[in-house]
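As structure tokens, the structure follows; a few thoughts come after it.
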Amino acid sequence: SCQYPCSFEFNERLLITIMDHVYSCRFGTFQYDNEKERVEQGVMSGTVSLWTFINDPARVHAFKNPFFEPRNQVLFPSYSRKRIQPWPGYWFRWNKRVVNANEAILQKGANLQQRITELQRELEGLQKTVRAASNPGPTRIAAGTVQSRGLGHPRKDAVSLPPVRPKPPPPPPPLP
């Protein structure tokens, strides 16, 4: 994910969780060599699957990458020695400086994702307003009279309406 940080739906926390539980024996997912042996030993009746734990709605959001952007292309990571490095999120996770830096980045990502969601909702509302305003029917023209769509002049039976003054736009919300 260092080379393509926005190309993966899940973050490194998911990979670290999987790596931690490969040898934890807490979940039956990684016990024994194959599914046949797990069934013969009755592992699933005595343990829970790691995937059940990960897909729990209360915790699955912690594994999502807030910067994820779906792509329809093949990724070609660089495997040169210059690009290969230790996995800081796994190997240095007990170092407080690394942990604090990662948590700060994840928090900023979560804040950005929340702001994106708010802006998308605002956009949907504005699009509904535009669609409602562009519906066929009587409309206001500069002179304050009602005009039917498609006609280039006011109707003879037009009703006089007061001019509409546009509302000033609201101030932008503060940035996080």
Side-chain angles (χ1 to χ4, degrees), residues 1-39 41 43-132 134 168-176:
S1 69
C2 289
Q3 293 184 34
Y4 298 98
C6 299
S7 298
F8 299 97
E9 183 176 358
F10 300 97
N11 58 30
E12 72 176 1
R13 193 176 289 170
L14 174 69
L15 298 175
I16 291 171
T17 300
I18 293 169
M19 293 214 21
D20 284 344
H21 291 296
V22 165
Y23 299 108
S24 74
C25 296
R26 180 176 174 195
F27 301 100
T29 308
F30 300 112
Q31 292 181 4
Y32 299 95
D33 289 332
N34 54 51
E35 187 67 23
K36 179 184 174 200
E37 290 180 11
R38 283 189 283 276
V39 170
Q41 298 299 323
V43 170
M44 295 322 233
S45 63
T47 64
V48 179
S49 168
L50 174 62
W51 309 117
T52 302
F53 173 80
I54 288 172
N55 288 320
D56 179 10
R59 92 174 37 88
V60 74
H61 69 281
F63 300 120
K64 295 282 187 168
N65 178 0
F67 305 110
F68 174 63
E69 295 175 9
R71 293 178 170 211
N72 288 329
Q73 62 188 41
V74 177
L75 302 177
F76 295 100
S78 172
Y79 51 87
S80 74
R81 265 191 223 164
K82 293 177 185 177
R83 298 298 303 245
I84 302 295
Q85 63 182 13
W87 181 10
Y90 185 74
W91 297 108
F92 306 139
R93 63 187 159 153
W94 309 117
N95 182 327
K96 290 186 184 213
R97 287 184 299 189
V98 172
V99 170
N100 291 340
N102 285 345
E103 290 301 320
I105 290 170
L106 289 175
Q107 184 59 45
K108 284 182 182 182
N111 291 344
L112 287 173
Q113 188 63 43
Q114 182 179 2
R115 182 73 178 126
I116 288 169
T117 303
E118 291 169 2
L119 289 171
Q120 286 173 335
R121 287 185 190 137
E122 185 179 339
L123 176 63
E124 289 170 4
L126 291 171
Q127 287 173 335
K128 286 180 184 176
T129 303
V130 168
R131 280 193 296 272
S134 65
L175 295 174

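These values consider heavy atoms only, across backbone and side chains, with no hydrogens, waters or symmetry-generated copies.
- Qualifying side-chain hydrogen bond (donor to acceptor under 3.5 Å, both in side chains) partners for R26, counting only residues two or more places apart in sequence or in other chains: none.
- Annotation: side-chain hydrogen bond (donor to acceptor under 3.5 Å, both in side chains) contacts of K64 (sequence neighbours excluded): E9.
- Here I116 contributes atom CD1 and L123 contributes atom CG; the two are 12.5 Å apart, rounded to the nearest 0.5 Å.
- The salt bridge (charged side-chain N to carboxylate O under 4.0 Å, His left out) pairs that include a residue from residues 29-39 are E35-R38, K36-E40, where partners are two or more places apart or lie in different chains.
- By the ring-ring contact (aromatic ring centres under 6.0 Å, His included) test, F63 is found to be paired with no residue, residues two or more places apart in sequence or in another chain being considered.
- Here the side chains of I54 and I18 are in contact, with some heavy-atom distance below 4.5 Å.
- Pairs engaging residues 75-91 under the salt bridge (charged side-chain N to carboxylate O under 4.0 Å, His left out) rule: none recorded [sequence neighbours left out].
- Residues that satisfy the ring-ring contact (aromatic ring centres under 6.0 Å, His included) test with F68, not counting sequence neighbours, are absent from this structure.
- For residues 120-130, no pair satisfies side-chain hydrogen bond (donor to acceptor under 3.5 Å, both in side chains), with sequence neighbours left out.
- A perpendicular orientation is assigned to the rings of F27 and H21, their planes being inclined by more than 60° (bins at 30° and 60°).
- Taking the side-chain hydrogen bond (donor to acceptor under 3.5 Å, both in side chains) definition, one finds that N55 meets it with nothing, sequence neighbours left out.
- Not counting sequence neighbours, W51 has no partner by the side-chain hydrogen bond (donor to acceptor under 3.5 Å, both in side chains) test.
- Evaluation of the side-chain contact (heavy atoms from CB on, under 4.5 Å) rule for Y90 yields I16, M19, D20, W87, R93 as partners, not counting sequence neighbours.
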Would you give me the side-chain donor-acceptor pairs under 3.5 Å for residues 69-79, sequence neighbours excluded?
residue	atom	partner	partner atom	Å
R71	NE	S7	OG	3.3

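- The minimum heavy-atom distance linking M44 with S49 is given by the pair CE-CB, 4.5 Å.
- Considering only residues two or more places apart in sequence or on other chains, D56 meets the side-chain contact (heavy atoms from CB on, under 4.5 Å) condition with A58, R59.
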